[in-house]
S.K.: 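Take a look at the following structure, please.
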Amino acid sequence: MPPQTRRTSFPAVVIERDTDSEESSSDEDEVEDVVVESEEEAEVEEIQNGESVEEEPPAVKKREKVPITISLKKVCKVCKRTGHEAGFKGATYIDCPMKPCFLCKMPGHTTMNCPHRVATEHGVIPAPHRNAHNSLEYVFERQLRPKVSKIKPAFVVPDQVHCAVIRYHSRRVTCLEFHPTNNNILLSGDKKGQLGVWDFGKVHEKIVYGNIHGCILNHMKFNPTNDGTVYAASSDGTISCTDLETGISLSLMNLNPNGWQGPSSWRMLYGLDVNSEKGLVLVADNFGFLYSVDMRSNNKVGEATLIHKKGSKVVGLHCNPLQPDLLLSCGNDHFARIWDMRQLKAGSALYNLAHRRVVNSAYFSPQTGSKILTTSQDNRLRVWDSIFGNLDSPSREIVHSHDFNRHLTPFRAEWDPKDPSESLVVIGRYISENYNGAALHPIDFIDISTGQLIAEVTEPNITTISPVNKLHPRDDVLASGSSRSLFIWRPKEDSEIAQQKDEKKIIVCGKAEKKLGKKSAGESDDSDDDLSKLKSKNSKPGKAGPRSSRSSIKGKR
DNA sequence: ACGGTATGACACC
DNA sequence: TGGTGTCCCTACCG
């Protein structure tokens, strides 16, 4: 069995943490003890950041023996009112009660007691079923429904980090792509426009091509007729076609031939997909337009078509895996739209799927192409069970925390391409959870047919959010991009844990390598700490803190 | 240790 | 409709 053999040859790797997570409030107990002397004073001493100001002035006064108690009314940093405080208490984040729930956006409760958090099944809001039978639905029932597996397979969730490359990229990771035929190759794009090629079977074999794009590499897709080359769309307004062996890149299209003429005219490319039947590379820009490029001639085909609201960003494109004429797009105009490629014209979408916020991604299901899954900034995943049925409202809405919109790569729920039932989906979680005293951001596996959380995958050493995730097309492997780092996850049996203990070694590159070299000459440094921490944790027989020593997985399998 | 900042949607006028 | 101020769990760098 290929996975078995490969698994044993896999180098086990310790992850070096980028930075120590800051303890925002170690002084939890004193919160209630502040005495308010007078209202005027409290107003004068208005705090911006409750924590930093609070301690220092009294310390200074004490030294001068002036027994003035400066009263500081604790002010909520969210709503600026007194009487409560939002922020981390240890590893648990306390919401501001004055604001609607941070998770589901409904007023009246906070994230802590949000029904969608307490019981994940409640995240499912079923759409009203309508009996609107049309001919397409008939075709679906007759031809495609039988192909959709009815028996839910036992999901295999990769939950153990086997490889990590720290600071492989110098900017945050924006997209990932597995090689279509070589099982151990992972491509990664970053905000700087660099393209990484990593053979995670041999950890040290990694390349970064830095001269392909000038800024954000938003999406990439392999050339279906030559898997040695990959197409990429960038915010520099170009499509590249890169030879992975040589790194030599060809520019297929440049939307800014005259260079920078100001932000109102600079075109950026976001969505990209390849339509292999038609031999087209499709891209979409930040002004609402779709462009086609012929893969043989590398020439632009036809004119750009306005497919989303004029001036709005089209962030995602996806061609239906079975019906080459169907295209799905999504963007900042709060819509996902289904198009017939044969009649592409502004305003002529087959369907317009409304969302309440920006739609980060929209994908047809990978095998039958008959379902649609979208990720929206309103903290909901939406599922349409059949594109041939009634599309007026989604079949299900699943509340899930992924709404951060700045500084982070947008979250995108990704199908498991191996799941015959087309129901397993992976997506990183923005909101943190307290895992044995550490605030971690898990990667969630969700059954979109029920809305159930199948698993939440964490690693004590991965303290950063993982917005970019992709499941391997053939193996039980998950790739994650978290900040600037890449991770490969595999399922691991307990018998392998013991083996891993002896094999530990640190794999770092880039800046982290320098850091490691510099400090190891002297005293202890972060990575040493981490290593010793891990060692000590691993030496525990596991009972006391079952989740602390290993990557953990919660939920049903 | 702390503070600056890159950066994007959207509400509001 | 466009300019502007605001923003709740970032991550990192100097």
Side-chain angles (χ1 to χ4, degrees), chain A residues 16-26 48-56 75-81 84-105 107 110-112 114 117 166-167 169-174 190-192 215-216 218 235 262-264 266 268 270 286 309-313 315 331-334 355-360 376-379 401-411 428-435 438-442 458 462-468 481-485 510-512 514-515 526:
Chain A
E16 188 203 11
R17 190 165 17 183
D18 285 355
T19 53
D20 276 348
S21 62
E22 65 241 274
E23 303 246 314
S24 52
S25 55
S26 50
Q48 269 100 19
N49 174 348
E51 281 134 308
S52 57
V53 189
E54 159 199 13
E55 294 283 23
E56 302 205 355
V75 174
C76 172
K77 66 178 178 185
V78 177
C79 71
K80 310 283 185 279
R81 278 189 252 192
H84 66 272
E85 253 192 306
F88 274 106
K89 288 239 189 298
T92 306
Y93 191 91
I94 309 296
D95 266 10
C96 170
M98 299 299 168
K99 293 275 182 165
C101 173
F102 193 56
L103 175 57
C104 74
K105 309 300 177 197
T110 61
T111 313
M112 197 63 78
C114 174
R117 185 173 193 162
I166 304 298
R167 305 230 178 137
H169 288 277
S170 61
R171 290 289 179 271
R172 67 172 201 240
V173 174
T174 53
D190 72 17
K191 212 174 87 62
K192 213 178 175 184
C215 58
I216 317 178
N218 287 305
S235 288
S264 58
W266 184 261
M268 308 189 239
Y270 283 85
N286 57 329
K309 185 181 170 188
K310 197 165 188 179
S312 75
K313 198 191 280 181
V315 290
N332 279 21
D333 63 353
H334 301 190
H355 294 67
R356 283 207 290 277
R357 288 299 185 98
V358 167
V359 189
N360 292 348
S376 171
Q377 291 282 39
D378 67 354
N379 267 356
S401 171
H402 52 252
D403 67 335
F404 202 60
N405 54 13
R406 207 174 33 164
H407 308 132
L408 287 181
T409 304
F411 291 85
R429 197 192 303 175
Y430 171 42
I431 208 165
S432 68
E433 197 86 50
N434 186 341
Y435 295 88
L440 302 176
H441 307 269
T458 59
I462 304 178
T463 56
T464 48
I465 296 169
S466 304
V468 192
S482 188
S483 187
R484 304 172 178 190
S485 307
K511 252 200 142 165
K514 280 186 223 152
K515 191 175 152 197
D526 289 350

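Because only heavy atoms are used, hydrogens play no part in the values below, and waters and symmetry mates are left out as well, while side chains stay in. All chains are named by letter (A, B, ...) in the order of the sequence lines, taking the proteins before the strands, and each is independently numbered beginning at 1.
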S.K.: Starting at CZ of Arg406(A) and ending at P of dC12(C), how long is that distance when rounded to a whole Å?
M.R.: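 The answer, rounded to whole Å, is 17 Å.
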S.K.: Nearest-nucleotide wise, let me know which of Ser170(A) and Tyr430(A) is further upstream toward the 5' end of DNA chain C.
M.R.: Tyr430(A)
S.K.: Provide, to the nearest angstrom, the distance between the NZ atom belonging to Lys89(A) and the C1' atom belonging to dC9(C).
M.R.: 14 Å
S.K.: Does a side-chain N or O of Ser401(A) approach OP1 or OP2 of dC9(C) to a distance below 4.0 Å, or not?
M.R.: no
S.K.: Using the P atom as the reference point in each nucleotide, state the distance between dC8(C) and dC12(B) in Å, no decimals.
M.R.: 14 Å
S.K.: Counting only side-chain heavy atoms from C-beta out, which of dT10(C), dA11(B), dC9(C) sits nearest to Leu408(A)?
M.R.: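 Shortest atom-to-atom distance from the side chain points to dT10(C).
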S.K.: Without decimals, in angstroms, what is the distance between His402(A) NE2 and dT10(C) P?
M.R.: 17 Å
S.K.: When the nearest nucleotide of DNA chain B is assigned to Val358(A) and to His407(A) on a heavy-atom basis, which residue is associated with the more 5' position?
M.R.: His407(A)
S.K.: Can you see if the side chain of Lys191(A) gets near the phosphate of dT7(B) - specifically, an N or O under 4.0 Å from OP1 or OP2?
M.R.: yes
S.K.: Rounded to the Å, how far apart are Asn379(A) CG and dA9(B) P?
M.R.: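 In whole Å, dA9(B) P and Asn379(A) CG are 16 Å from each other.
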S.K.: Would you give the length of the straight line joining atom NE2 of His402(A) to atom CG of Asp378(A), rounded to the nearest 0.5 angstrom?
M.R.: 6.5 Å
S.K.: What contact category does Pro467(A) fall into here, base, sugar-phosphate, or nothing, at under 4.0 angstrom with non-hydrogen atoms?
M.R.: nothing
S.K.: Give, for atom NZ of Lys309(A) and atom NE2 of His334(A), the distance between the pair rounded to the nearest 0.5 Å.
M.R.: 8.0 Å
S.K.: Respond yes when some side-chain nitrogen or oxygen of Lys313(A) is under 4.0 Å from OP1 or OP2 of dA9(B), and no when none is.
M.R.: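 For Lys313(A), the contact criterion (side-chain N or O under 4.0 Å from OP1 or OP2 of dA9(B)) is met.
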S.K.: Rounded to whole angstroms, how far apart are NZ on Lys105(A) and C1' on dA9(B)?
M.R.: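 Checked: the NZ to C1' distance equals 13 Å.
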S.K.: Taking the side chain as every heavy atom from C-beta outward, state whether Thr111(A) and Arg117(A) have any atom pair closer than 4.5 Å.
M.R.: yes
S.K.: Measure from CE on Met112(A) to C1' on dC9(C) and round the result to the nearest Å.
M.R.: 11 Å
S.K.: State whether Asn332(A) places a side-chain N or O below 4.0 Å from either non-bridging phosphate oxygen (OP1 or OP2) of dA9(B).
M.R.: yes
S.K.: I'd like to know if the side chain of Asn218(A) pairs up with that of Ser235(A) as donor and acceptor (distance under 3.5 Å, no hydrogens or angles considered).
M.R.: yes
S.K.: Output the rounded distance in Å from CG (Asp190(A)) to C1' (dC12(C)).
M.R.: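 Nearest whole value for this atom pair: 15 Å.
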S.K.: For the residue pair His441(A) and Tyr430(A), does the interplanar ring angle fall in the parallel (under 30°), tilted (30 to 60°) or perpendicular (over 60°) class?
M.R.: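 Rings of His441(A) and Tyr430(A): parallel, as their planes differ by under 30°.
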S.K.: Could you tell me how far apart Arg172(A) (CZ) and dC12(C) (P) are, to the nearest whole angstrom?
M.R.: 12 Å
S.K.: Is there a side-chain contact between Arg356(A) and the phosphate of dA9(B), meaning an N or O under 4.0 Å from OP1 or OP2?
M.R.: no
S.K.: Between dT10(C) and His441(A), is there an OP1 or OP2 to side-chain N/O distance shorter than 4.0 Å?
M.R.: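 Answer no for this pair, as no side-chain N or O of His441(A) is under 4.0 Å from OP1 or OP2.
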S.K.: Flag the pair Asp403(A) and Lys105(A) as a salt bridge only when some basic side-chain nitrogen lies within less than 4.0 angstrom of an acidic carboxylate oxygen.
M.R.: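 Judged by the 4.0 Å cut-off on N to carboxylate O distance, Asp403(A) and Lys105(A) do form a salt bridge.
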S.K.: Does Cys79(A) or Ile465(A) map to a spot on DNA chain C nearer the 5' end, using the closest nucleotide for each?
M.R.: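 Nearer the 5' end of the strand: Cys79(A).
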S.K.: Any base atoms under 4.0 Å from Ile431(A), or only sugar-phosphate, or nothing? Heavy atoms, all strands.
M.R.: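 Base contact.
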